[in-house]
Amino acid sequence: ARIGTEDRAVPAWQQRRMLRHLSEHHVKVTWDELPGKEHWWWDTEKESDGGCVNDESMRLFMRQALLSNSSSSSSSSSSSSS
């Protein structure tokens, strides 16, 4: 989860509650709460860096997710072809 502390669309307390519930059920969750940011923001570290959807933190997350997904896809396809 990645939120701005000033989010008025989905208050931070709601997301913290969901994080707590997921953690209680042993779901792996990463949490990133950015001070002073609202629901959508464009500047995380520097001007126009992609903000909540495409700054360095999100690009790293997506690379890791895609690599993880591609390695599990290739292992399941190789085992199904046996």
Side-chain angles (χ1 to χ4, degrees):
R2 188 160 195 245
I3 68 159
T5 58
E6 304 303 313
D7 191 334
R8 292 175 284 173
V10 183
W13 69 265
Q14 287 181 344
Q15 296 188 45
R16 289 185 204 116
R17 182 177 181 201
M18 179 59 76
L19 172 72
R20 186 178 71 245
H21 287 302
L22 291 169
S23 296
E24 288 170 357
H25 293 282
H26 311 290
V27 175
K28 182 182 175 191
V29 178
T30 35
W31 181 254
D32 192 10
E33 194 169 314
L34 283 85
K37 302 297 182 186
E38 292 194 26
H39 191 71
W40 287 100
W41 68 89
W42 193 247
D43 309 320
T44 301
E45 298 290 330
K46 59 186 178 190
E47 186 176 340
S48 296
D49 65 2
C52 62
V53 294
N54 196 29
D55 64 6
E56 184 56 35
S57 177
M58 290 305 294
R59 288 191 298 272
L60 176 62
F61 171 79
M62 291 304 292
R63 277 193 302 269
Q64 291 171 339
L66 290 170
L67 287 173
S68 171
N69 191 32
S70 70
S71 65
S72 55
S73 292
S74 63
S75 65
S76 65
S77 64
S78 65
S79 62
S80 64
S81 63
S82 305

Legend entry - Partner residues of R63 under the side chain to side chain donor-acceptor pair (under 3.5 Å) criterion, sequence neighbours left out: E56

Inset, instruction - Please list, chain by chain and in numerical order, all residues satisfying salt bridge (Lys or Arg N to Asp or Glu O under 4.0 Å) with R17, sequence neighbours excluded. - result: none

Legend entry - Results of side chain to side chain contact (heavy atoms under 4.5 Å, CB included) for E24 - residues two or more places apart only: R20, H21

Legend entry - Members sharing V10's hydrophobic cluster (side chains within less than 4.5 Å): none

Legend entry - Which residues share a side chain to side chain contact (heavy atoms under 4.5 Å, CB included) with A65, sequence neighbours left out: none

Legend entry - Side-chain heavy atoms of E33 within contact of Q15, under 4.5 Å: no

Legend entry - Closest approach of T5 to G36 (non-hydrogen atoms, all atoms of both residues): OG1-N, 2.9 Å

Inset, instruction - Show which residues join L22 in its hydrophobic cluster (side-chain heavy-atom contacts under 4.5 Å, direct or indirect), or state none. - result: I3, M18, L19, V27, V29, W31

Inset, instruction - Compare every heavy atom of E6 with every heavy atom of E38, then report the nearest pair and how far apart it is. - result: CG-O, 3.7 Å

